[in-house]
Structures are given as C-alpha cells and as structure tokens.
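Following: one structure in structure tokens, then a few remarks.
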Amino acid sequence: MTRTRLFRSRSSEEKEEEEQQQHYSKHNITTSTGMRVIVPLQGVVQGRGGLFLGSVIPCALFYFFQLYLKRHRSEPKSPPPQPPPENSGGQLAEVSVSVLPRSLSRVHLTPRSPGGPAYVSGRANSIVKGGDSPHDVGLRKALEDPYHQSGNPDGVIQLGLAENKLSLDLVGEWLAKNAIFGEELSIGGIASYQPFDGLMELKVAVAGFMSQVMKKSVFFNPSQIILTAGANPAIEMLSFCLADTGNAFLVPTPYYPCSDRDVKWRTGVEIIPVPCRSADNFRLSITALDRAFNQAKKRGTKVRGIIISNPSNPVGSLLDRETLYSLLDFAREKNIHIVSNELFAGSTHGNEEFVSMAEIIDLEDLDRNRVHIVYGLSKDLSLPGFRVGIIYSFNDNVLAAAKKLTRFSSISVLSQRLLVFMLSDSNFIQQFIEINRERLRRMYIKFVAGLKQLGIECIKSHGGFYCWADMRGYIPSYSEKGELELWDKLLNIAKVNVTPGSCCHCIEPGWFRFCFTTLTEKDIPVVMDRIRKITETCKSHS
Amino acid sequence: MTRPRPRTPESESETRNPTGGGATAMRLIVPLQGVVQGRGGLILGSLIPCALFYFFQLYLKRHRSPKPGSNPTSPSQSSSNLPDLQRSSSRSNLSSRGSIGPVQVSSRASSIARPNDSPYYIGLDRVSEDPYHRLDNPNGIIQLGLSENRLCFDLIEKWLSENTKDSVMGRDGGDLSISGIAPYQPSDGLVEFKVAMADFMSQVMGRAVSFDPSQMVLTAGATPALEILCFCLADPGNAFLVPTPYYPGFDRDMKWRTGVELIPVHCRSTDNFIISITALDQAFNQTRKRGIKVRGILISNPSNPVGNLLPRETLYNLLDFAREKNIHIVSDEIFAGSMYGSEEFVSMAEILDMEDIDKNRIHIVYGLSKDLALPGFRVGVIYSFNESVLVAAKKLTRFSSISAPTQRLLISMVSDTRFIQEYIETNKKRIREMHDLFVEGLKQLGIKCAQSCAGLYCWADMSGLISSYSEKGELELWDKLLNIAKINVTPGSACHCIEPGWFRCCFTTLSQEDVVIVIERIRKVAETCKISS
C-alpha cells in the first residue's frame, strides 16, 4: 500500500481512501523524520500542538476507531473474511477439497469456497447453552426415571411440575361419555383456516368459564380475549407488545422459574427482580417496587411494566384488594403496564377471597388500557396438554397486535371445538370446579401437615398446586450453594424433585416449592419418608 | 465540530509566527484549529475534522434510540393530559405525583397493530366480510387468494367420522387414555407423531427420501416453524435472500418479531421464474456492501406463488452457493405432495442423502396444512440437520406447540397407510382436473399462466389487461377484480414480483361449477380493459 500518495495526489475522489489510510497509520508512531512523511499524523503530533495535541488527537481517533470496530465486529465465531478472489489461488482449493468430500461434477465451483460449519444465530446459541437450571435438571430427571408405586418404586417423585392430576378422572369420564365427534362436527368447521386468535364460540365459552371460576365476581368480554397455544406464548406476546428490546419489566420475587424464558428469550426484554422477604410473608411492597424502578431508571433502562402472579406462583398467596389498588396507582404514577398472571385463579383452596385485577378495573372507572390479564386452561381445567392460553386486555393496540401475532401460536381447531362442547356443559363444569377445589384443599392440608411433622413450616397459602416450604434449618450453609446442596440431596438421594428458591430468584436461601397435585394421597407418606431421611442427616450435621 | 476557518491573512501570519499573541487564546479554545492551521495545512485541516465527524456520526447513528413512538412520557406532560384522567377521589392523594398520559405500547407492537397495507391481506379481509355462497350470497366475493385445499374434504370427513373418537380417546376409552392428552406433553411434539409424520413425508415424496424422526421438531403450523428457524439462524439486522415472487406471508413470518430482513432476489418470466445463481450472488454482494450480514437463503419448492419445481441441478447449485458463502438454506416444501404435473419433485433432503456433504446448513419446513388439507389443525414441521438448531427450536416450541388431542387424532390418521395412499392419489387427481379446467378457462380469455406442476394455484399473466405497465396499473386491475368482478386474487406486487401484471389464483377452494362463474366474472373485467386500451 502506498501511503506517500497521500501527499502527492489530493483529488477529491481519493479523499475517502485517504481518510481510511490515515486511521490505519496512527498505529505507526515513531520518531524518525523519514517516517513522518509516511505517517502524516505524526507530523501533527510533533508539530505545534506538542505533547497535548499529540496525545489527545490520536486518542480521540483511536477511540472512535475502536468504537467503530466494536460495532461492526462480526460475531466472535464467524469465519475470517473471505480472501479476495484474485488471492484465492490453487493451494486454497486443494485444502477445501480435502475438507469437503463432494461429487466431482461440482468441483469447478469449489475453488472459491471457504467451507467451514454454518453458524447459528447468537440468540440460538445462548438458548442452547443457557439451558440447564436446577429446575430443568430436576424435571428431566423425573421424566427419565419416574416413580411408579409398583412399576418403579425407586424412581424420582415429581414435585417440581405445577400440574393437577387430582381431577383428571372427571375429564376422562366426560370425554368418554360424550360422543363429541361425528355428527356435531362439520369438516368445514375444523379442517379449514379459522381465525388465528381463536374461535368466537370458544372465546365466549372461556369468558363464561373464567367468570364462573372467579365466582361470578367479574364479567369478561369475549371481544377482549385473544386465545394462544398455552399461557407461555400469551406472556411472550404481551412482552413483545408492551416492551421493546432493552426495556424491562419489574417482577416481584420469588417468581415462576420459566418467566425468564417467556419474558426474555426472544423479545430481548429484561426482568428486574424486586425482592420480597419472608419477614413480610413474601408480600409485595410498593416501596421496593419504587426503589427498583428508580434504580433501573438511573441505569438508563426503561421500565415498561410490572408482571405479577396472583395467586402467586411459587408462594401461593393472594394479593389483597388494597395491594391491587396500590399497584394500579403505582402503575399510573409511573405510566407503565400491569400484567397480571391469574393462571391459578380457580385453584384456590383457602377461605380467603381471590380478587382479579379485572374486578378492580370494573369497580373503578379508571384508565384501563394499562392492565392485561393472562389466563389459561392448563391449571384450572387441568388440561395443559390442550395448550390453551388467554390474553385478556383492555388495550386496543395490544389486542390488535396480539391478534396478528397469534399466527405464530394458534390452537388446533379440533381441540377448540372439543373445548367448546366441554365448557358449554355447565353442569359438568360446575361439578368439576367444586370437586376439584375440595380435592385440592384435602391434598394441601395433608401435605402441609406431613411437612410440619418433619419440622418444616410452609408459608400459609390459599391458591395453587404447591406450597412454599421453609427448609432454612436444613441447609449446610446459608447461601445459594447450601440450598443447591440440599436440593441435590433431595433429588439424588431422597429421589424427590422439588424447585429450589434460587430458581425462582428468591433472595433468601433455603426455600423450596413442593407441588403436590401430581400425587395421590397414598404417595404422601412415601414422600415424607424420603424427605425425613435427608432432614435427619442434615440436622445431625449442624 | 469546528470547521476549518478560511485562510485569512491573519491566520496566515499566525502560521508563520507560532507565538503570535492575540491568537493564542483562540488556539486554546479551539485546539483543532491549531492543528488545522499548523503544518498539515488545508489537507489535514479538513481530513481530521472530517474523520472525527464521520466517526461521531457513525456513533450517533448506532446509538440512536429505536423509534420516536416509544418516547417516555415525561412528568411535565401531566397537566395537559389531566382531563383524560378519570379516577376515584379516594386515591387522588397519589395522583398529584402522577405523570399521566396514555400508556404506550412497544414500537414493534404499534407497527404490527397498524391496519394491513398489503393487497394480499386487504383482499383476505374483504372476503371474510362478504364471502360468496352459491345460494345465500351469490354476489359475494369469491376467494382465490387463500391457498387452501377443499377438494378432498369428503375423504377426510369420512375418515374422521369413523375413527375420531377411538383415535383421541384410545380404543379402551376413559381413564387410561386421558393421561395421553390432558397432562403436559413434550412441547416439540409426541414421539409417536414424529414417527408417523416422518413416514407420511416420505410417502408424499414418493419414497424417494426417508426422514429421521429425531431430526424433527413439530410446531403449531408452518408459520411458527419458519419464524423459529429465522430466530435460530439469524440475529436482528441480519438478512435472508429470498427469490421473488415469494409468498406474501414470509414478510410477517420472517421479519416481524425477529428483526431479520428479507432481500428480494428477482427472478424473471423469461426464466419461468427459476432462480439464477448469478442474481443470488449479485444480491449477496450488494447486501454485504451495505454492511448487512446474509445468513441464508429462503426458497419455496414447489414454489409459491409460481407453482414450478426447482430442478435437481438448481438445488445442487444452491447448495454450492450456500457452501461457498457459508450460509444456510431454508427450504419450504409445504406443497411437496400437492403435485399435478408429470415432473418429479426433488426434496432438498434427497440431495443431501445422495451427497455426503456438510448437512448442517439445510433446514426443511413442512406441514399438514396443504398436503393433508388440514390448516385448522395447525401442524408444522422443522426438519433440520443442525444439532444446535434442533436443540434451540425444541426449546422454543414452548411458545408454539400442538394441542395433544389433535396430535393423537393425527397419529392414527397419518399412520393409516391405506387411507393416506388413497388420499394422496385422489387429491393429486382432483387438483390436476381443477388446474386443467381453470387454466383452460383463463386461456380462453387470452390469459396465459406460467408453466407449473404443483401447488394449489396458478400464476397468471394478465399484463395484457393492465392499463399501465407498472405496479399502479397492476393494482388498478386487482382493485377492479375485487370490487367489480368480486373475485379476490393476489397481485404479483404483494409477492414482490418485479414484473407487473402477474396474479396468483388459488383454485382449490372452488367447485367445478364455481370455475365457470369465476371465468365469467374475469371476462367482464377483461373485456372492459381491452376496450379501454
């Protein structure tokens, strides 16, 4: 490369090239005068500006150059830039031929070929690598070696999955009794393209079911409902619609471990955990929210909303009316959204009353378009396999965008028709809700009593398929490490899979979520025995 | 930034006399100017500030916040927006601090929520408002814009009425089988269903290839299958090359949420719209020059909207091109079984089977919406040879999994080899009959179609009917067809076709009697067009 040309030819079309070369040249700072001609910057450096300018200017240039490089750098693992065609001579061709066995007929193209593996996107890489939290490990282990009373009595007992098998028999009976396919279904109604955001009939049926589950305290408008293939895509879609890449949601901890995936993975949105403490029974405090909000703002992150779960997962507590009002006020003050995940609204077992965000909005005539509710049939109708999630929003823009986004996550029309029939059978639904609630309560009482006998206390809860157990007394060290050691023992020695609090971003170590609705009553003594073995050894250590 | 001052006599003297008194202050304030007027003279004086300014601009551009729409509402706006706010007085103690305005949705949501502007979607909306029915609504709009196959509903209906209950609930019914549909199932599809799908795909492609169920990820339709692949193969700002004309839905599937761009690579009628590697290469280089990284090529084979097949030779060339540039190939083969011509369909998977080459850049998309005519069931397939893509896609199916009862039903339907065999044959025969009838009808109007042998549509050349040879002329004709003739077709511009006057007409939602009506309706418009020209 001829750098001297810089001084000889100054025509305007070469200006750009000169600029480039000048930046390259700043690396070669030497003292000799001969070099000065070659490196024009040095002339500046040693000229009138003296040391000051001589350092400031190259520094500035270098800084911007670095910035430029950093911005334009290809991903770390990309192949090196391809050699220009005139350079890629014969020897390169030989190399790639030996790397790439291929049919001879196409050899004429290979000399230009760099070969090498094809790279996947950075986000795919992070999804592939960032996979295994203890929550996932436990679920997998329980899936690979599931406990069965007679078939596999030494298998892992699943207490890590919030799934309700207590009332599956009722659904099974109903399906067996009702010949729903055949005459009632016309092929045109199930096979052809239908609105991606769900059949109107199902929206009406679901609105009725939600209202029934919440004891008729609220009315839901079917035209504000968007149906998605499960609650996960419902949350993700809201995250897409409410926040842009780099924005954040405030989420009180402990929270459901998969929220991280649903809110963050593909959307590029952040979660800012707002820690709740055992001293407050893990109740949400507006002060903590406010502090987190301000800290985020200071960091330059824009907070777009709050995501709450009510009934809370994993604690199982309900948000009272006063808290909901304060949340709304906080959201209004900061002008942000509220996403209320009410997936467990119908799975309450205490005598406390569940209050939906929709009810609060109904009572007060305030600006509603910041409130969005997530619901589904996975928990309250115990049909996770059917993949039905619901977005209930008061915001027209969100509804319009989400309706279009359901092209990526719509429910099979066949299953929708089936559910329309099932939900329209109001006798069955009423009976199901009552029996299910009764069974849930019995199971909760028995399970918590069992833990209590072992000396493990749970936070008093009123909803959900789980209890939030305090095992701080059994962890070898009061830290996440100690908690995970206990979790590991429970999984590998006692063979029960539970969810450690650290997976739920709980700030205090030693808390665990136990889901009890996949068990039968006969399983409870087995579980307690297994836990006892561990707790006894842990106590003797400490 | 300080621009170089003009060379006044004063500054000239300053150059000669570096210790000149009055100018020193100035020199301190604007140090760059010192440089400018120093030894470098005019050249450095312009080059350095220019360079600095260039990088500064670059920096600003990179750091600019995404969209004006997402501006935060600042507290100062509160007073002007107070009338908007109605709230109970009980909580008004808080509102004094409040900064109220309408709460903003994300900028990506606002752009998605905007009304449709593509004629493809406008047409679809219009049909759903006023659909044609022979008896109930004879003046309604006839749908030729949606590639849906209703020719074999009778066969499927018969099978469903005989088998549905047993398939969903199992032959024993009751307690045992509820655990097969109600609880959580793997989100990427039941293994039994993957096995059945692998066999079905192989059957549809005439047993020329075998598919490995472990390389399969099932999604709720081919649409999310494409989107998931796009998420996995490209990062925001990257691009895919797509030969045009292409299916209008790609713009949504590939771009909306992923932040990925599509670079159209134009194919021409003189090549019967077959992609040329030269055009690909050109587009690739141009894109790279713009600083955009190309991560792959997206092809549809059989092509949508043209309906032709990619010849074996072209597939080889595509593979070579992809290898040379080290990029991916996504092959959308969703119409693989909807063939009516005599030409042989060659799947990308077949090419890979035969050559022992690096396979991990190949990804195939399939689904049951077209070949089994069950779009309502929402079944899509990602078939990939890339381990990382499979792992990531499997995890991403949590956002798009298929309802379990539907999977159970389809397992028995798709495994019923006798039914499937009969279905495939009858379906091909009926599509062919319909195609011949429809194309013949158009021919009588003087409208020729591109040579095609697959798909549920034909690609008709109506350039003789458009008032001006431009996109505007094309859209005028489309508008006439929609509003006067009351038929909804897809104009080529919605498919990014570079030549105006081409239209996609889907004929598989029609019955044979309907074809006569459609041709009659087109004739009316065609005649007025010819007269006026």
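Letters A, B, ... mirror the listed sequences (proteins, then strands); counts begin at 1. Note that these values count all heavy atoms, side chains included, but never hydrogens, waters or copies made by symmetry.
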| field | Donor-acceptor pair, side chain of A:Arg370 and main chain of B:Pro102, under 3.5 angstrom | value | no
| message | Testing B:Asn386, B:Asn360, B:Asp235, B:Leu229 one by one against A:Val120 for a side chain to side chain contact (heavy atoms under 4.5 Å, CB included), which residue passes? | response | B:Asn386
| query | Is there a side-chain contact between B:Arg108 and A:Thr245 (heavy atoms, below 4.5 Å)? | reply | yes
| Pick from A:Leu405, A:Val388, A:Thr518: which one has the most heavy-atom pairs with chain B under 4.5 Å? | A:Leu405
| note | So, the part of B:Thr397 with a heavy atom under 4.5 Å from chain A: the answer is neither
| note | Given A:Lys403, A:Gln416, A:Arg407, A:Glu163, the one with more heavy-atom pairs under 4.5 angstrom with chain B than any other is A:Arg407
| Partner set under side-chain contact (heavy atoms from CB on, under 4.5 Å) for A:Ser378, not counting sequence neighbours | A:Pro384, B:Tyr184
| request: Taking atom types as modelled, find out whether A:Ser412 and B:Ser403 have a side-chain donor-acceptor pair closer than 3.5 angstrom. | output: no
| field | Contacting moiety of A:Lys165, where chain B heavy atoms sit under 4.5 Å | value | side chain
| field | Proximity breakdown for B:Pro115 and chain A, heavy-atom pairs closer than 4.5 Å | value | backbone
| Pairs of heavy atoms under 4.5 Å with chain A: top-ranked of B:Arg114, B:Lys394, B:Glu227 | B:Glu227
| request: For each of B:Leu226, B:Asn149, B:Thr223, B:Val389, tally heavy-atom pairs with chain A at distances under 4.5 Å, and name the one with the top tally. | output: B:Thr223
| said: To the nearest 0.5 Å, what is the distance between CD1 on A:Ile127 and NZ on B:Lys395? | reply: 8.0 Å
| query | For A:Ser410, is it the side chain, the backbone, both or neither that has a heavy atom under 4.5 Å from a heavy atom of chain B? | reply | both
| request: Counting only heavy atoms closer than 4.5 Å, note whether A:Val303 contacts chain B via side chain, backbone, both or neither. | output: neither
| Nearest-0.5 Å distance that lies between atom CD1 in B:Ile112 and atom SG in A:Cys241 | 6.5 Å
| field | Contact winner vs chain B - A:Pro233, A:Gly305, A:Pro195, heavy-atom pairs under 4.5 Å | value | A:Pro233
| message | Can you tell me which of B:Leu319, B:Asn116, B:Thr219 forms the most heavy-atom pairs within a distance under 4.5 Å of chain A? | response | B:Asn116
| query | Considering only heavy atoms from C-beta outward, does the side chain of A:Arg123 approach that of B:Thr258 to under 4.5 Å? | reply | yes
| With a 4.5 Å limit on heavy-atom distance, are the side chains of A:Leu418 and B:Pro405 in contact? | yes
| What distance do B:Arg408 atom CZ and A:Ser415 atom OG have between them, rounded to the nearest 0.5 Å? | 12.0 Å
| message | Is A:Leu381 close to chain B through its backbone or its side chain, or both, or neither, when contacts mean heavy atoms under 4.5 Å? | response | neither
| query | Are any non-hydrogen side-chain atoms of B:Val103 and A:Asn395 less than 4.5 angstrom apart? | reply | yes
| Nearest atoms (heavy-atom pairs only) where A:Asn397 meets B:Ala113 | O-CB, 3.7 Å
| Hey, what do you get for CD1 (A:Ile411) to OG (B:Ser400), rounding to the nearest 0.5 Å? | 11.0 Å
| said: Within this structure, what is the CZ-CZ distance for the pair A:Arg387 and B:Arg378, rounded to the nearest 0.5 Å? | reply: 15.5 Å
| query | Does a side-chain heavy-atom distance below 4.5 Å link A:Met237 with B:Phe399? | reply | no
| query | Counting heavy-atom pairs under 4.5 Å to chain A, which of B:Glu148, B:Arg257, B:Arg252 comes out on top? | reply | B:Arg257
| field | Between B:Leu146, B:Asp253, B:Ile402, B:Ile156, the one whose heavy-atom pairs under 4.5 Å with chain A are most numerous | value | B:Asp253
| task | Please flag which part of A:Ser239 lies under 4.5 Å from any non-hydrogen atom of chain B: side chain, backbone, both or neither. | result | backbone
| task | Considering only heavy atoms and a distance below 4.5 Å, find which of B:Gln185, B:His328, B:Glu162 pairs most often with chain A. | result | B:His328
| Any side-chain heavy atom of B:Pro183 within less than 4.5 Å of one from A:Leu168? | yes
| task | Rounded to the nearest 0.5 Å, what's the gap from CG on B:Leu374 to OH on A:Tyr193? Could you check? | result | 11.0 Å
| request: Report the option among A:Thr228, A:Leu399, A:Asn232, A:Ile235 that has the most heavy-atom pairs separated by less than 4.5 Å from atoms of chain B. | output: A:Asn232
